[in-house]
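A quick note: this is a predicted structure, and the numbers were derived from the prediction, not measured.
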Amino acid sequence: MKQEFIDGIKLKKMVLSSAQFLDNNKKTVDALNVFPVPDGDTGTNMAMTILAAAKDLESIHDNNIDKVAEVVSKGALKGARGNSGVILSQLFRGFAKGVQGEKEVDTVKYAEALKLGADTAYKAVMKPTEGTILTVARVTAQEAQNIAKQEKDFVIFYQKIIKIAKDTVDKTPELLPVLKQAGVVDSGGMGLLYIMMGTSQALEGKFDDTLIVKKEPNSASMIQSDKEIDIKYGYCTEFFIKNLYPHVTEDDVDKLKDKLLKLGDSIVVASDSDFVKVHVHTNMPGKVLQLGLRFGDLSTIKIDNMREQHRNLSDIVQENDSNSYSDDLNPRYQQPLEQQKRFGVVAVAIGEGIGTIFKDLSADYIVQGGQTMNPSIDQLLQAVEQVNAEEIFILPNNSNIILSAKQVQEVTDKKVHVIPSKSIPQGIAALLAYNPDVNSDTNIDRMTEALYSVKTGQVTYAVRDYNVNALSIAKDDIIGIENGDIVAVEKNIDDATHKLIDAMIDDESEMVTIYYGQDISKEHADSIAQYVESQYDDLDVECYYGGQPLYYYIISVE
């Protein structure tokens, strides 16, 4: 029996089937990562995006296709994760516009909606790249319009456009050299193909009309640390020094840092032409403030008793075992009824150590996420709404989260500024340049400029064999990555980390900061720091527990 029209009930089955089919095949899509690192997440991001839309469909039973499409569009937007998830949500958004006001549609109208979906997705990306999911969506939609003129049966119509989509996916390596070099097709395009295959199954009656919408996993087990908290210095002390006295030089600021080293640890001293930002963990906050007064006027002073905070958090965790580190960093009981401030900062981070560092540097809210675990637009939105400020700066700290962060600007009444940080070191550098006492434009300029003052290095392991730029990589090799390029391939962590650091340091380098992951001991991290000190006399070296999974080290060079 021919199916010449799609109404709301049918569209619901098509979306549910697509979500289930992609979820069943997401690991195949994840494996199409260009780099052989353990963070291929395109399939997971797309699956969680469409599953969010499917979850919202549970309560709707409407015959009108426009009503169902609207629910899918909003659900996908809220649940969108990563660049691929955001693009998928825009495909649904454009499709919903294309069927607006319709109770049911034929293949011609359906193809027009697919084309509007592709157009909408292209507009959402500042610099569209061909050879990606965008190309697959565009070419498929264009051909669908031609096919729809001749084919009225949706079953046959979908079989034909799936062939177009598959042929386009197969051609993506010819359009994007990095795919050809890696020997893979585009992962986002493959994810879209799986969605279309799931849709076809519903049209052919192969879908059993049931879908278990999975609850998002509590990732606390991935990031909780068994390390016992030993708080040597109890007061997190931070402030700005403004109206600097005449003749204050960079040497004076360096001397301030040396004096702070005698009073505590976790020291950060960042200076600009008109202010100095100080952060230190100490047992003598009064002496720290006295040191600051030698340079100018103190502003935005904040002193937190970390031992007391830890005791309070321990009590809460005992009452609720499901708390994640993100809950600990953003405790619900600390929602003061205070006057709304002008600026707030939301930062994305994974690893309790890195999350704590961002909090210490005045981030108001930490969103759990990063490599392999991109937060949804809705999670970012909730964070923005939780911060009691007129304007919010978002630090995505991952290139795959920037597009999601920008979508938040469209769904909140607050003024949101996205600082396009692509790594943890970039995010920290941007936060050091942030000053709540200057206007937003100045902050945007300073924070964005700070991104380019730091180099990012990462040490992880290869998940598959790979050849690139004359480098031959075998599965389980340890690799060092500098600003997205693989520069070290070794059989052990020490050699890869040493080689990476050597590649990152140049004559202008002044500081190396090492963040060690949850699988690395403090002793091993200290040995890496000692290597830097032994090889480079004039460099400052700092070492912090980051607690990040999968990546043994994250390294910052300034």
Taking Lys74 for the side chain and Ala69 for the main chain, is one N or O donor matched with an acceptor at less than 3.5 Å? no
Around atom NZ of Lys67, are there more than 12 heavy atoms of other residues, nucleotides or ligands at under 6.0 Å? no
Val105 versus Glu102, closest heavy-atom pair with distance: CG1-CB, 3.9 Å
Using modelled atom types only, decide if a donor and an acceptor are shared between the side chain of Ser187 and the backbone of Asn33 within a distance under 3.5 Å. no
Taking the side chain as every heavy atom from C-beta outward, state whether Ile555 and Gln458 have any pair of such atoms under 4.5 Å apart. no
Distance-only donor-acceptor check, side chains Glu482 and Thr456, under 3.5 Å: no
At their closest point, which heavy atom of Ala429 faces which heavy atom of Ala450, and how far apart are they? O-CB, 3.5 Å
Quick check: does any side chain N or O of Asn400 sit under 3.5 Å from a backbone N or O of Asn83, one acting as donor and the other as acceptor? yes
Using only heavy-atom distances, determine whether the side chains of Thr135 and Glu130 contain a donor-acceptor pair under 3.5 Å. yes
Whether the Asp186 and Thr132 side chains hold a donor-acceptor pair (N or O, under 3.5 Å, no angle test) is what I'd like checked. no
Could you tell me whether a side-chain N or O of Lys149 sits under 3.5 Å from a main-chain N or O of Val108, the two making a donor and an acceptor? no
Would Tyr434 and Phe393 count as a close aromatic pair, with their ring centres under 6.0 Å? yes
Quick check: does any side chain N or O of Ser17 sit under 3.5 Å from a backbone N or O of Gln201, one acting as donor and the other as acceptor? no
Test Asp170 against Lys166 for salt bridge (Lys or Arg N to Asp or Glu O under 4.0 Å), laying out the working first. CA-CA 6 Å; Asp170 290 341; Lys166 184 180 184 305; 3.2 Å; yes
Between the side chain of Asp30 and the main-chain N/O of Thr44, is any donor-acceptor distance below 3.5 Å? yes
Gln382 and Asp378 side chains, donor-acceptor separation under 3.5 Å: yes
Least distance between heavy atoms, Val346 atom then Ala383 atom: CG1-CB, 3.9 Å
Any donor-acceptor pair under 3.5 Å linking the side chain of Asp106 with the backbone of Lys109? yes
Rounding to 0.5 Å, atoms CG (Leu11) and CD1 (Ile65) come to a distance of 4.5 Å
Check for a donor-acceptor pair, side chain of Ser18 on one end and backbone N or O of Ile195 on the other, with a separation under 3.5 Å. yes
Dump the intermediate steps for salt bridge (Lys or Arg N to Asp or Glu O under 4.0 Å) on Asp167 and Lys163, then the final yes or no. CA-CA 6 Å; Asp167 290 344; Lys163 185 179 184 306; 3.2 Å; yes
Using the rule given for side-chain contact (heavy atoms from CB on, under 4.5 Å), can you reason through Asn24 versus Tyr194, listing the C-alpha separation, both sets of side-chain angles and the distance that settles it, and then say yes or no? CA-CA 10 Å; Asn24 291 341; Tyr194 278 130; over 6 Å; no
Considering residues, nucleotides and ligands other than Glu390, do more than 12 of their heavy atoms fall under 6.0 Å from its CD? yes
Exam field: side chain Lys78 to backbone Gln379, donor-acceptor pair closer than 3.5 Å: no
Examine the side chains of Ser84 and Thr42 and answer whether a donor and an acceptor come within less than 3.5 Å of each other. no
For Asp41 and Arg81, what are the C-alpha separation, side-chain angles and deciding distance, and is it a salt bridge (Lys or Arg N to Asp or Glu O under 4.0 Å)? CA-CA 10 Å; Asp41 51 13; Arg81 295 171 183 265; over 6 Å; no
Would you say the side chain of Ile164 lies within less than 4.5 Å of the side chain of Val139, judging by non-hydrogen atoms? yes
Within-4.5 Å side-chain heavy-atom neighbours: Val99 and Ile6: no
Taking the side chain as C-beta and beyond, is there a heavy-atom pair between Lys491 and Asp477 under 4.5 Å? yes
Identify the two heavy atoms, one from Met196 and one from Ala165, that lie closest to each other, and give their separation to 0.1 Å. SD-CB, 3.7 Å
To the nearest 0.5 Å, what is the distance between CG (Leu134) and OG1 (Thr172)? 12.5 Å
Can you check salt bridge (Lys or Arg N to Asp or Glu O under 4.0 Å) on Lys26 and Asp23, steps first, answer last? CA-CA 5 Å; Lys26 63 186 177 185; Asp23 192 51; 3.2 Å; yes
Gap between atom CD1 of Ile554 and atom CD1 of Ile481 - 0.5 Å precision: 11.0 Å
Is there side-chain contact between Pro396 and Ser421, with heavy atoms separated by less than 4.5 Å? yes
So Ile402 and Lys422, do their side chains get closer than 4.5 Å, heavy atoms only? yes
Are side-chain N/O atoms of Asn45 and Asn374 paired as donor and acceptor at under 3.5 Å? yes
Sole candidate of Val345, Thr448, Leu431, Asn443 that passes side chain to side chain contact (heavy atoms under 4.5 Å, CB included) when paired with Ile419: Thr448
Lys152 atom NZ, neighbour heavy-atom count above 12 within 6.0 Å: yes
Going through the checks in order, is the side-chain contact (heavy atoms from CB on, under 4.5 Å) test met by Thr49 and Phe92? CA-CA 11 Å; Thr49 299; Phe92 284 128; 5.8 Å; no
For the pair Gln548 (side chain) and Ile350 (backbone), establish whether a donor and an acceptor sit closer than 3.5 Å, ignoring hydrogens and angles. no
For Ile162 and Leu193, run side-chain contact (heavy atoms from CB on, under 4.5 Å): C-alpha distance rounded to whole Å, both residues' side-chain angles, the deciding distance at 0.1 Å, then the answer. CA-CA 7 Å; Ile162 283 175; Leu193 178 58; 4.1 Å; yes
What's the separation between atom OH in Tyr365 and atom CD1 in Ile392, rounded to the nearest 0.5 Å? 12.0 Å
Please check if atom NZ in Lys455 has more than 12 non-hydrogen atoms from other residues, nucleotides or ligands closer than 6.0 Å. yes
Working note: Asp7 + Lys103, criterion side-chain contact (heavy atoms from CB on, under 4.5 Å); need CA distance, chi angles, decisive distance, verdict. CA-CA 6 Å; Asp7 62 5; Lys103 180 177 180 179; 5.6 Å; no
Kindly indicate whether the side chain of Phe358, heavy atoms from C-beta on, has any atom under 4.5 Å from the side chain of Asp364. no
Say you draw a straight line from CD1 of Ile377 to NZ of Lys406; how long is it, rounded to the nearest 0.5 Å? 13.0 Å
Kindly compute the distance separating OG1 (Thr107) from CZ (Phe5), expressed to the nearest 0.5 Å. 9.0 Å
Which atoms form the tightest heavy-atom contact between Ser404 and Gly82, and what is the distance? OG-N, 3.5 Å
Can you tell if the side chain of Thr356 reaches within under 4.5 Å of the side chain of Ile366, non-hydrogen atoms only? no
Looking only at heavy atoms, which two atoms of Met14 and Thr199 are closest? And how far apart? CE-CG2, 3.4 Å
Ignoring hydrogens and geometry beyond distance, is a side-chain donor-acceptor pair present between Ser200 and Glu204 at under 3.5 Å? yes
Verify whether the ring centers belonging to Phe95 and Tyr110 lie closer than 6.0 Å. yes
